[in-house]
Novice: 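Sharing a structure with you now.
Counting starts at 1 for both ligands and their atoms, in listed order.
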Amino acid sequence: MKLVLVFMLAAIPIYCYASSSGCHAMDDVIAQTINSSVSVAEYQGVVKSYAPLPYDQKALAKLKQCFLDQSEETLTNVKVMVNAVYDSKDCPQSA
Ligand SMILES: *[C@@H]1O[C@H](CO)[C@@H](O)[C@H](O)[C@H]1NC(C)=O
């Protein structure tokens with residue numbers, strides 16, 4: 001779980017750099033990831049709408065379930081951390 005999250009977050013500045021639409025997709029996926037009202041099935045639908053390549057639906061379900069198992073406090077902290085990444089100088093979009 002922690003390792004996957006680190007990889008996901010490490011990819012964010014690359015997405016911001018690549019294009020602003022990529023950044024919007026990333027924003028949306030992250031919002032859905034940390035929204036405890038979004039079910040695994042809904043989440044799979046959202047990611048599917050953005051994914052250009054095939055991927056493992058079961059792995060995605062596990063990832064979302066990991067977030068669903070966290071407390072609201074932890075989910076809020078993830079949001080704080082993601083915003084810190086967006087505001088960092090490695091994210092040219094906000095520069
Ligand atoms: C969380 O998801 C629900 C259902 O899709 C949506 O109604 C709500 O606005 C979302 N909350 C946030 C904070 O984005």
Side-chain angles (χ1 to χ4, degrees):
M1 160 66 192
K2 280 175 189 159
L3 202 63
V4 169
L5 187 60
V6 166
F7 282 137
M8 211 170 107
L9 293 172
I12 290 171
I14 298 166
Y15 272 84
C16 291
Y17 188 80
S19 74
S20 57
S21 65
C23 215
H24 167 78
M26 203 68 191
D27 285 350
D28 193 25
V29 168
I30 289 171
Q32 305 286 330
T33 306
I34 61 177
N35 185 338
S36 57
S37 307
V38 176
S39 70
V40 167
E42 282 174 299
Y43 183 68
Q44 285 175 319
V46 170
V47 173
K48 198 172 184 176
S49 73
Y50 290 123
L53 295 169
Y55 58 91
D56 189 343
Q57 286 283 349
K58 270 189 277 180
L60 188 71
K62 277 188 187 177
L63 175 75
K64 177 59 181 170
Q65 191 58 52
C66 279
F67 280 90
L68 287 174
D69 293 344
Q70 307 305 311
S71 67
E72 281 301 326
E73 188 191 2
T74 299
L75 295 176
T76 304
N77 284 338
V78 171
K79 194 173 174 182
V80 170
M81 182 172 62
V82 168
N83 284 336
V85 171
Y86 282 152
D87 292 342
S88 74
K89 63 179 165 58
D90 289 334
C91 187
Q93 197 209 24
S94 60

Novice: Heavy atoms under 4.0 Å from ligand 1: which residues qualify?
Specialist: Asn35, Ser37, Val38

Novice: For a quick test of reading the model, state the closest non-hydrogen atom pair linking Tyr55 to Gln44 and the distance between them.
Specialist: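 The pair with the smallest heavy-atom distance is OH-O, 3.9 Å.
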
Novice: Measuring only between side-chain heavy atoms, which start at C-beta, is Phe67 closer than 4.5 Å to Thr74?
Specialist: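 Sidechains of Thr74 and Phe67: no contact.
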
Novice: Are the side chain of Lys64 and the backbone N or O of Ala41 linked by a donor-acceptor pair below 3.5 Å?
Specialist: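 It does not hold such a pair.
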
Novice: Is Ile30 linked to Leu68 within one hydrophobic cluster, defined over Ile, Leu, Val, Met, Phe, Trp and Tyr using a side-chain heavy-atom separation of less than 4.5 Å?
Specialist: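 Per the 4.5 Å side-chain linkage, Ile30 and Leu68 are not co-clustered.
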
Novice: Under 4.5 Å between side-chain heavy atoms, hopping through other hydrophobics if needed: is there a path connecting Val46 to Leu63?
Specialist: yes

Novice: Is it true that Val40 and Leu60 fall in one hydrophobic cluster, defined by side-chain heavy atoms closer than 4.5 Å?
Specialist: no

